[in-house]
> 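Below is the structure I would like to discuss, written out as structure tokens.
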Amino acid sequence: MPFTANSNLVNGLHVSAALGGGASHAFLVDTGSVGILVPRTVLGPDYQAFDPSQDIAFGYISSGKTYQGQWVKVPVVIGVPAAWDGTGDYPVAYIEVFAVDQPADFTGGVFGIGFGIGGLADGGPARNPLLHLRHQGTHLRHGYIISTQGLDVGLAASNMEGFSFMKLSGDASGRDWMQPSGSVGLSGDFSPDEYYADLPFLMDTGISAMILWVRAESVPPNLPNDTAFPPGISVTISAPPADMANEPSLQYSFVTGDNNEVSAPSQVEWRVGSGINTGRNVLAGADYLYDATAGRIGFRIPPA
């Protein structure tokens, strides 16, 4: 499933889909949320009548944006061209999507395909479109691979070759997986000592920046929160954490302000919390895999 022609790591990776009999629409691929966020006007005519008093909220932690709308079950036809005429053989999922009623001028769209996010931005596995696809009468295996070129939906031995895997733990409900652990190391003139922390690791293609969520009592010294790190800070990310016995499935480093490192995010900042939001530039150096059936994620360095 290729990304749209204007997709890139700077502006985001987008796929086209038609929802509820409506026209083709571009959606940002986001592993940092779960569920499709769509303007109600994009849905077909059968879904335009609604009771606004029944609206609820859907919101994103990284941006702080909140939307009002309702979950509506519709057919989601994925990978259609921008000028789709309703014909052709495309994968379809019948799931609930979040139809946005307010703000009324919202024209974007988010294709949330993550797991274990929590909060308002997590519609749960039942609303992850890539876990419910049927194509040519067959359910595709619950998982996908993301590269800079597009989405490979449905896992098999042939497309999983070369990946280094991390096992995930199930959550308390038994219906979803939890984020694995990763580590971040910082060094530079901001502190006489290097900084290191083990944190939940979130591969997040929904943003271009990296956000480090750390406890208030263990913040990186002399680095203001909610502000881009200054140039010259070395950042090392490992998953699993670098201090574990096994070789990390993913490990990369960059220096803030160095535009020559393609895997570097647009910026790095920290906020109070607990976690590593990678940003999508990880894909410049490694493909990403999520296997919802086996409970694992993986990374693969593509051939040069």
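What's counted below: heavy atoms across the whole structure, side chains too, no hydrogens, waters or symmetry copies.
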> Could I get the full list of side chain to side chain contact (heavy atoms under 4.5 Å, CB included) partners for P75, not counting sequence neighbours?
Y47, V92, Y94
> Should side-chain heavy atoms under 4.5 Å link Ile, Leu, Val, Met, Phe, Trp and Tyr, which residues sit in the same cluster as W71?
L37, I56, F58, Y60, Y67, F98, V100, F106, V110
> Take D152 and M160 through the side-chain contact (heavy atoms from CB on, under 4.5 Å) test and state the conclusion after the steps.
CA-CA 10 Å; D152 194 355; M160 291 192 290; over 6 Å; no
> Would you say that V255 contacts V235 through its side chain, given a criterion of any heavy-atom pair below 4.5 Å between the two side chains?
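When only atoms from C-beta onward are counted, V235 and V255 do not touch, as no gap falls below 4.5 Å.
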> What is the minimum heavy-atom distance between S183 and Y196, and which atoms define it?
CB-OH, 3.3 Å
> For the side chain of N281 and the backbone of A264, is there at least one donor-acceptor N/O pair under 3.5 Å apart?
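It does hold such a pair.
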> If you round to the nearest 0.5 Å, how far is CG of L223 from CZ of F229?
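Result: 5.0 Å between the selected atoms.
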> Partners of F115 by ring pair (Phe, Tyr, Trp, His ring centres under 6.0 Å), sequence neighbours excluded?
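Once residues adjacent in sequence are excluded, the partners of F115 under the ring pair (Phe, Tyr, Trp, His ring centres under 6.0 Å) criterion are Y290.
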> Answer with yes or no whether the hydrophobic clustering places V29 together with I207; edges join I, L, V, M, F, W, Y residues whose side-chain heavy atoms lie under 4.5 Å apart.
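No, separate clusters.
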> Is L289 close to R300 at the side-chain level, that is, under 4.5 Å between some pair of heavy atoms?
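With C-beta onward as the side chain, the pair stays apart.
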> Determine whether I146 and F111 fall in the same hydrophobic cluster, where Ile, Leu, Val, Met, Phe, Trp and Tyr are linked whenever their side-chain heavy atoms lie under 4.5 Å apart.
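Yes; tracing contacts between hydrophobic side chains, which count when under 4.5 Å, links both residues.
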> Show your reasoning for whether side-chain contact (heavy atoms from CB on, under 4.5 Å) applies to T31 and R280.
CA-CA 9 Å; T31 56; R280 57 180 159 261; over 6 Å; no
> Within the 4.5 Å heavy-atom criterion, are I36 and F27 side-chain neighbours or not?
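I36 reaches F27 side chain to side chain.
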> For P81 and S24, work out which heavy atoms get closest and say how close.
O-OG, 3.0 Å
> Report the C-alpha separation of M178 and L168 in whole Å, then their side-chain angles, then the decisive distance to 0.1 Å, and conclude whether the side-chain contact (heavy atoms from CB on, under 4.5 Å) test is met.
CA-CA 6 Å; M178 296 190 299; L168 304 174; over 6 Å; no
> How far apart are the closest heavy atoms of P39 and G108, and which atoms are they?
CD-O, 3.0 Å
> For the pair D291 (side chain) and G143 (backbone), establish whether a donor and an acceptor sit closer than 3.5 Å, ignoring hydrogens and angles.
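No; judged by distance alone, with no hydrogens or angles, the pair does not exist.
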> Is it the case that over 12 heavy atoms from other parts of the model lie below 6.0 angstrom from the CZ atom of R134?
yes
> Is there a donor-acceptor pair closer than 3.5 Å between any side-chain N or O of T256 and the backbone N or O of I233?
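Answer holds: yes.
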> Is any side-chain heavy atom of P91 closer than 4.5 Å to one of V153?
no
> Just to verify, what does P265 make a side chain to side chain contact (heavy atoms under 4.5 Å, CB included) with, not counting sequence neighbours?
M210, F254, V268
> Without swapping roles, check the side chain of D122 against the backbone of V34 for a donor-acceptor pair under 3.5 Å.
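Not at all, since once roles are kept as given, no pair shorter than 3.5 Å links the two residues.
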> What are the two closest heavy atoms between P180 and I297, and how far apart are they?
CG-CD1, 3.9 Å
> Return the OG1 to CG distance between T41 and D101, rounded to the nearest 0.5 Å.
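The distance works out to 9.5 Å.
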> Do Q251 and S238 get their side chains close enough for a donor-acceptor pair, meaning under 3.5 Å?
yes
> If a pair satisfies salt bridge (charged side-chain N to carboxylate O under 4.0 Å, His left out) and one of its residues is in residues 16-35, list it, with sequence neighbours excluded.
none
> Can you measure from CG (L155) to CD1 (I145) and round to the nearest 0.5 angstrom?
5.5 Å
> Can you tell if the side chain of L130 reaches within under 4.5 Å of the side chain of I78, non-hydrogen atoms only?
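Result yes, sub-4.5 Å side-chain heavy-atom pair found.
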> Are more than 12 heavy atoms from other residues, nucleotides or ligands located less than 6.0 Å from atom NZ of K65?
no
> Between the side chain of H14 and the main-chain N/O of S7, is any donor-acceptor distance below 3.5 Å?
no
> Flag yes if L28 and L283 sit in one hydrophobic cluster, no otherwise; membership is Ile, Leu, Val, Met, Phe, Trp, Tyr, and two members link when side-chain heavy atoms are under 4.5 Å apart.
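As far as the 4.5 Å side-chain criterion goes, L283 and L28 are not connected within one cluster.
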> F201, Y252: one ILVMFWY side-chain cluster at the under-4.5 Å cut-off?
yes
> Using modelled atom types only, decide if a donor and an acceptor are shared between the side chain of W84 and the backbone of A18 within a distance under 3.5 Å.
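Not confirmed, W84 side chain does not pair with A18 backbone.
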> State whether the number of non-hydrogen atoms from other residues, nucleotides or ligands found under 6.0 Å of D226 atom CG is greater than 12.
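Yes, because the 6.0 Å sphere around CG of D226 holds more than 12 heavy atoms from other groups.
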> For the residue pair E269 and T227, what are the closest heavy atoms and their distance?
CB-O, 3.3 Å
> For residues 175-195, pull every pair meeting ring-ring contact (aromatic ring centres under 6.0 Å, His included), keeping only residues two or more places apart or in separate chains.
none
> Looking at L9 and S208, what are the two nearest heavy atoms and their distance?
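Heavy-atom minimum between the residues: O-CB, 4.3 Å.
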> Is it the case that the ring center of F163 lies less than 6.0 angstrom away from the ring center of F299?
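F299 vs F163: aromatic centres not under 6.0 Å.
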> Is there side-chain contact between Q48 and L43, with heavy atoms separated by less than 4.5 Å?
yes
> At what distance, to the nearest 0.5 angstrom, does CD1 of I117 lie from CD1 of I61?
8.5 Å
> Evaluate the side-chain proximity of N11 to N6: yes if any heavy-atom separation is below 4.5 Å, no if none is.
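Heavy-atom side-chain distance check fails, nothing below 4.5 Å.
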> Would you check if the side chain of S249 reaches a backbone N or O of F165 as a donor-acceptor pair within less than 3.5 Å?
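Judged by distance alone, yes, a pair lies under 3.5 Å.
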> If you round to the nearest 0.5 Å, how far is NE2 of H139 from CG of L131?
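Spacing of CG (L131) from NE2 (H139) equals 12.0 Å.
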> When rounded to the nearest 0.5 angstrom, what distance separates CD in E161 from OG in S158?
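Nearest 0.5 Å value for the CD-OG distance: 7.0 Å.
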> Are M1 and F3 co-members of a hydrophobic cluster defined by side-chain heavy atoms under 4.5 Å apart?
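Yes, F3 and M1 fall within the same hydrophobic cluster.
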> Do T278 and L250 have side chains that get closer than 4.5 Å, going by heavy atoms?
no
> Begin from the C-alpha positions of R271 and N225 and carry the test side-chain contact (heavy atoms from CB on, under 4.5 Å) through to its verdict.
CA-CA 5 Å; R271 302 181 191 177; N225 67 319; 5.7 Å; no
